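Only a predicted model underlies this, so the values are computations on that prediction, with no experimental measurement involved.
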Amino acid sequence: MTPDKLVQGSIDLISLPEVFFQINEMLDDPRFGAVEIGNVISKDPAMTARLLKIVNSALYSFPSRIDTLSRAVAIVGIDEIRNVALATAAVEQFNDIPNDLVDMTDFWMRSVYCGVVARILAKECSVLHSERMFIAGLLHELGSLLLYNKMPGECREILLAADGNHKIIGDLEQDVLGFTYADVGGELAKLWKLPTSLQEAIGCHLFPEKAEDYRLDAHLINLAKQLTGIILFDDDETEVLAGITELSSDLLRINEDQIVNVLKKAPMEISEVFDLILPNVQFSY
C-alpha cells in the first residue's frame, strides 16, 4: 500500500461538500468575483454561518463587523475564504469517520492548538498571510485519521510501540508502513487540489527538508507541532529549543525569545478558536 493508493481507495470517506470544489474552480476563473463566490457559498447555510463567525472572530480582528459573504470575500480575500471553507468542511467530514484508536476531542484539540501556534509563529516570523498557516496546522494530522480507519491493525501496533511518546510515531510509521501520516495528508491535499503551499506544509512537516517549493511552510508547521507538544504534553522546553535545527532558525528567522512569546500567547487564544472550529465539542483544557 502507498499513500496515494490509500487515499484513492478512500474517496467514499473523504469527499468534501460540492460547494468547496465549486469555490476551488471559481478561483481560477477571472469571470467570477466576490459576489458570485459569495452566492455559491450561501447555498450551504451551515458553512455560511460558520464562515461569517470565523471572519468576525479574533483570528482576523477586523475593526467592523462583516455581515455578508460577498464583503467577507472582498475583505478577507478569495484564497483565505477558500481556506476557511476547507477547514470547516474537513473538520465536519473527518469528525464522522469512525476511529477506535483515537479520542477525537483530543485529536482536534491538538490540531487546533497546532493551528493557533502556527499562525502566531508565522506572525512572529513576519510571514505574509499568516492566517493560512492556521489552516496548515489545523489539518496537519488528517492523514492519521485515514490511516487509523483503513489500517487499524498496523496503527495499533505502532501506537503500542510508541507507548505514549507522540514524538516517535512518524518514525515508527516509516519503519512499519514505509510512509507516514504526513505523506497520507499530503496526498489528501493533492486530491482536494489545495494550493501547493498547503500540500507541502501538510505532507512534509515531519521531514521538512523534503519540501521542494515551500520549505519555510513545512519547517514552520514542524516547529509549531513541537511547540504544541510543550503546551499539551509537557515536552521539555529546553530540549525542544535545543533541537531546533540551524536550517529552521535560518529559514524562519526566529530567536528563542520569540518562541517563548509564542508559547505564552497560544493558550490565551485557544478556547475561542476551538469553539469556532468545533462548536459542538466541549473545550476541555
Side-chain angles (χ1 to χ4, degrees), residues 1 3-21 23-24 44 46-47 49-51 53-54 82-116 118 132-152 154-156 158-159 166 169-170 173 177 179-195 198-199 201-203 205-206 221 224-225 228 232 270 273-285:
M1 182 69 72
D4 58 329
K5 289 181 179 178
L6 182 72
V7 168
Q8 289 295 331
S10 309
I11 290 177
D12 56 325
L13 285 176
I14 57 177
S15 295
L16 295 178
E18 181 60 30
V19 64
F20 173 76
F21 293 105
I23 296 168
N24 237 3
D44 187 326
M47 181 178 288
R50 295 275 289 282
L51 284 174
K53 188 176 181 183
I54 289 170
R82 185 261 308 277
N83 287 343
V84 176
L86 164 68
T88 58
V91 168
E92 289 184 358
Q93 182 68 24
F94 274 81
N95 223 26
D96 292 334
I97 294 181
N99 275 297
D100 297 329
L101 299 180
V102 61
D103 181 303
M104 291 304 295
T105 300
D106 287 348
F107 174 85
W108 287 119
M109 176 57 61
R110 294 197 308 273
S111 300
V112 172
Y113 243 117
C114 188
V116 169
R132 68 187 169 86
M133 299 312 302
F134 170 76
I135 305 299
L138 177 71
L139 303 182
H140 80 287
E141 276 194 36
L142 277 192
S144 67
L145 295 183
L146 196 55
L147 272 178
Y148 292 158
N149 184 268
K150 305 300 286 189
M151 306 179 74
E154 294 90 337
C155 289
R156 185 173 285 106
I158 289 166
L159 291 173
H166 66 100
I169 287 178
E173 287 177 345
L177 305 175
F179 57 88
T180 71
Y181 72 83
D183 296 321
V184 176
E187 289 298 328
L188 268 177
K190 289 180 186 176
L191 177 72
W192 292 339
K193 298 181 180 178
L194 302 187
L198 277 176
Q199 292 179 27
I202 294 169
H205 74 270
L206 285 179
I221 297 302
K225 183 178 180 67
T228 299
L232 291 183
I270 187 65
V273 176
F274 189 84
D275 183 56
L276 286 169
I277 301 298
L278 292 145
N280 299 316
V281 178
Q282 182 66 40
F283 180 83
S284 58
Y285 283 76

Audit row: Asp183, Glu173, side chain to side chain contact (heavy atoms under 4.5 Å, CB included) steps and yes/no: CA-CA 10 Å; Asp183 296 321; Glu173 287 177 345; over 6 Å; no
What do the steps show when you test Ile14 against Phe94 for side chain to side chain contact (heavy atoms under 4.5 Å, CB included), and what is the final call? CA-CA 7 Å; Ile14 57 177; Phe94 274 81; 3.5 Å; yes
Start with the C-alpha gap between Met109 and Ile270, add the side-chain angles, then the distance that decides, and say whether side chain to side chain contact (heavy atoms under 4.5 Å, CB included) holds. CA-CA 9 Å; Met109 176 57 61; Ile270 187 65; 4.2 Å; yes
Evaluate side chain to side chain contact (heavy atoms under 4.5 Å, CB included) for Leu6 paired with Glu187, printing each intermediate quantity in order. CA-CA 9 Å; Leu6 182 72; Glu187 289 298 328; over 6 Å; no
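Rounded to the nearest 0.5 angstrom, Leu188 CG and Leu139 CG are separated by 9.5 Å. For the atom pair CD1 of Ile169 and CD of Glu141, the computed distance is 7.5 Å after rounding to the nearest 0.5 Å. To the nearest 0.5 angstrom, Leu145 atom CG is 3.5 Å from Phe107 atom CZ. Leu177 CG to Met1 CE: the interatomic distance, rounded to the nearest 0.5 Å, is 10.5 Å. Interatomic distance, Arg110 CZ to His166 NE2, rounded to the nearest 0.5 Å: 9.0 Å. Rounding to the nearest 0.5 angstrom, the gap separating the CG atom in Asp100 from the CG atom in Asn149 is 9.0 Å.
Counting heavy atoms of neighbouring residues, nucleotides and ligands inside a 6.0 Å radius, atom CG of Asp103 exceeds 12 of them. In Lys53, the NZ atom is crowded: over 12 heavy atoms of neighbouring residues, nucleotides or ligands sit closer than 6.0 Å.
Leu142 and Ala90 get closest at one heavy-atom pair: CD1-CB, 4.2 Å. Closest non-hydrogen pair, Leu147 versus Thr180, comes out as CD1-C, 4.3 Å. Counting all heavy atoms, side chain and backbone alike, Lys193 lies closest to Asn24 at O-ND2, 3.4 Å. The nearest pair of heavy atoms linking Ile202 to Gly185 is CG2-C, 3.6 Å. For Asn83 against Arg132, the heavy-atom pair with the smallest separation is ND2-CB, 3.9 Å. Heavy-atom minimum distance, Ile221 versus Ala136: CD1-CB, 3.7 Å.
Residues Asp4 and Lys190 form no side-chain contact, since every pair of their non-hydrogen atoms from C-beta on lies 4.5 Å or further apart. Between Leu138 and Val91 there is a side-chain heavy-atom pair separated by less than 4.5 Å. Between Asp44 and Glu18, the closest side-chain pair of non-hydrogen atoms is not below 4.5 Å.
Using cut-offs of 30° and 60° for the angle between ring planes, the His205 and Tyr181 rings count as tilted.
For Phe134, the ring pair (Phe, Tyr, Trp, His ring centres under 6.0 Å) criterion is met by no residue, not counting sequence neighbours.
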